[in-house]
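Below is one structure, written out as structure tokens, with a few remarks after it.
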Amino acid sequence: MSPEPKNALAYRRVLLKISGEALIGEQSFGIDINVARSVAEEIKQVHNLGIEVAVVVGGGNIFRGLSKSAGDMDRSSADYIGMLATVMNAVVLQDALEKIGIQTRVLSAIDIPQLAESFIRRRASRHLEKGRIVIFAAGTGNPFFSTDSAAALRALEIKADVILKATKVDGVYSADPMTNPTATRFESITYQEVLEKQLKVMDASAISLCMDINLPIVVFNMRTSGNIARVVQNEAGIGTRVCLKKP
């Protein structure tokens with residue numbers, strides 16, 4: 001089957017934000033290689049449409065600075081360990097993508113030359129232009145900033161058209177749909193409403209950064225096969241769009 005024509009697509013360049021927990025699968029900890037390969041297949045679908053794809057992956061499946069596993073560690077030290085966890089996830093995802101024939105580069109905010117290239121904005125853009133998947137690892141390279149903030153920052157640096165926030169629910173809800181059966185899903189919502197209602201879309205600093213530049217965010221369920229491709233083709237009813245003004 002030939003790829004869709006580019007004029008049928010909603011975006012030219014996207015940044016996909018995946019949580020580390022998305023790679024756990026049915027395990028309680030760590031990385032399920034089969035899940036990583038499934039995620040890679042989903043990304044390949046989008047890549048085959050002719051879209052430039054960058055990825056930011058979290059590290060919560062291995063270590064998170066703000067968690068019980070960190071105990072009473074110094075926050076900076078704990079955050080740096082969390083950054084190393086994202087590098088591990090990035091290399092796993094790179095391997096999964098390259099096993100299905102997609103050229104991939106990991107760019108790290110922490111210098112680890114044996115595993116990844118150092119992050120340089122122009123280099124990242126050039127990789128994307130050459131049709132490679134780019135995975136950004138190690139967050140922003142600074143403690144006290146989440147991978148949500150890293151996703152917003154990298155998306156702005158590479159001039160992405162949108163942030164695709166992959167979650168385990170099908171959009172943004174008025175409350176947690178896992179615990180509140182009366183929670184309602186928003187088709188679209190403004191950045192300001194997200195901040196005022198304290199909805200757990202992304203952390204406040206990431207939302208504020210996107211709001212300043214008017215970078216849209218689409219929150220969707222990645223557990224449904226083919227959803228990333230549906231989002232980039234602007235299929236109705238998929239996820240929630242976070243933007244400056246409601247359409």
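These numbers were taken from a predicted model, which means no experiment stands behind them.
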*asked:* With salt bridge (charged side-chain N to carboxylate O under 4.0 Å, His left out) as the criterion, how do R132 and E52 come out once you've worked through the C-alpha distance, each side chain's angles and the decisive distance to 0.1 Å?
replied: CA-CA 8 Å; R132 297 165 182 155; E52 297 172 2; over 6 Å; no

*Check step by step if side chain to side chain donor-acceptor pair (under 3.5 Å) holds for T182 and N180.*
CA-CA 5 Å; T182 64; N180 188 342; 2.5 Å; yes

*asked:* One pair to check against ring pair (Phe, Tyr, Trp, His ring centres under 6.0 Å): Y173 and F186. What are the steps and the verdict?
replied: CA-CA 6 Å; Y173 281 78; F186 300 100; 8.2 Å; no

*Carefully, step by step, assess E42 and S225 under the rule side chain to side chain donor-acceptor pair (under 3.5 Å).*
CA-CA 7 Å; E42 294 288 314; S225 179; 3.1 Å; yes

*Go through H127 and E117 one step at a time and tell me if the side chain to side chain donor-acceptor pair (under 3.5 Å) criterion holds.*
CA-CA 11 Å; H127 284 319; E117 299 177 21; 3.0 Å; yes

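If you take NZ on K44 and CG on L49, they are separated by 12.5 Å, rounding to the nearest 0.5 Å. Atom CZ of F144 is separated from atom OG of S76 by 4.0 Å, given to the nearest 0.5 angstrom. In this structure, S146 OG and D79 CG are separated by 9.5 Å, a value rounded to the nearest 0.5 Å. Distance CG/L153 to CG/L15: 10.5 Å, rounded to 0.5 Å. To the nearest 0.5 angstrom, T86 atom OG1 is 12.0 Å from L93 atom CG. Separating the CG atom in L23 from the OG atom in S38 is a distance of 10.5 Å, to the nearest 0.5 Å.
Using a 4.5 Å heavy-atom threshold, the side chains of N227 and M222 count as separate. Looking at L199 and I189, their side chains come closer than 4.5 Å, going by heavy atoms from C-beta outward. A heavy-atom distance below 4.5 Å is not found between the side chains of Q45 and I228. Taking the side chain as every heavy atom from C-beta outward, D203 and S149 approach each other to under 4.5 Å. The shortest side-chain heavy-atom distance between Y80 and I110 falls under the 4.5 Å cut-off. Counting heavy atoms from C-beta outward, L16 and V56 have side chains that stay 4.5 Å or more apart. Side-chain contact between L156 and L209 is present, with heavy atoms from C-beta onward closer than 4.5 Å. With a 4.5 Å cut-off on side-chain heavy atoms, Y191 and S208 do not count as touching.
Applying the salt bridge (Lys or Arg N to Asp or Glu O under 4.0 Å) rule to K200 yields no partners; only residues at least two apart in sequence or on another chain are considered.
The number of heavy-atom neighbours closer than 6.0 Å to CZ of R223, taken from other residues, nucleotides and ligands shown, is 12 or below. Within 6.0 Å of CZ in F145 there are 12 or fewer heavy atoms belonging to other residues, nucleotides or ligands. Residue-environment remark: CE (M88) stays at or below the threshold of 12 foreign heavy atoms within 6.0 Å. Around CD of E196, the count of heavy atoms belonging to other residues, nucleotides or ligands within 6.0 Å exceeds 12.
Side-chain atoms of T240 come within 3.5 Å of backbone atoms of V172 as a donor-acceptor pair (strictly under, hydrogens ignored). Without hydrogens or angle criteria, E193 side chain to T190 main chain gives a donor-acceptor distance under 3.5 Å.
Classification of R126 and E129 as a salt-bridged pair holds, one side-chain N sitting under 4.0 Å from a carboxylate O. Ion pairing between R185 and E187 holds under the 4.0 Å rule for side-chain N and carboxylate O.
F63 and V91 fall into different hydrophobic clusters, defined by Ile, Leu, Val, Met, Phe, Trp and Tyr side-chain heavy atoms under 4.5 Å apart, directly or through other members.
Just one of I133, I102, T104 meets the side-chain contact (heavy atoms from CB on, under 4.5 Å) condition when paired with V53; it is I133.
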Donor-acceptor pairs are to be reported for all side-chain atoms of residues 158-165 against protein atoms at under 3.5 Å, with residues two or more places apart or in another chain.
unit_1, atom_1, unit_2, atom_2, d
D161, OD2, R12, N, 2.7
D161, OD2, R13, N, 2.9
K165, NZ, V201, O, 2.7

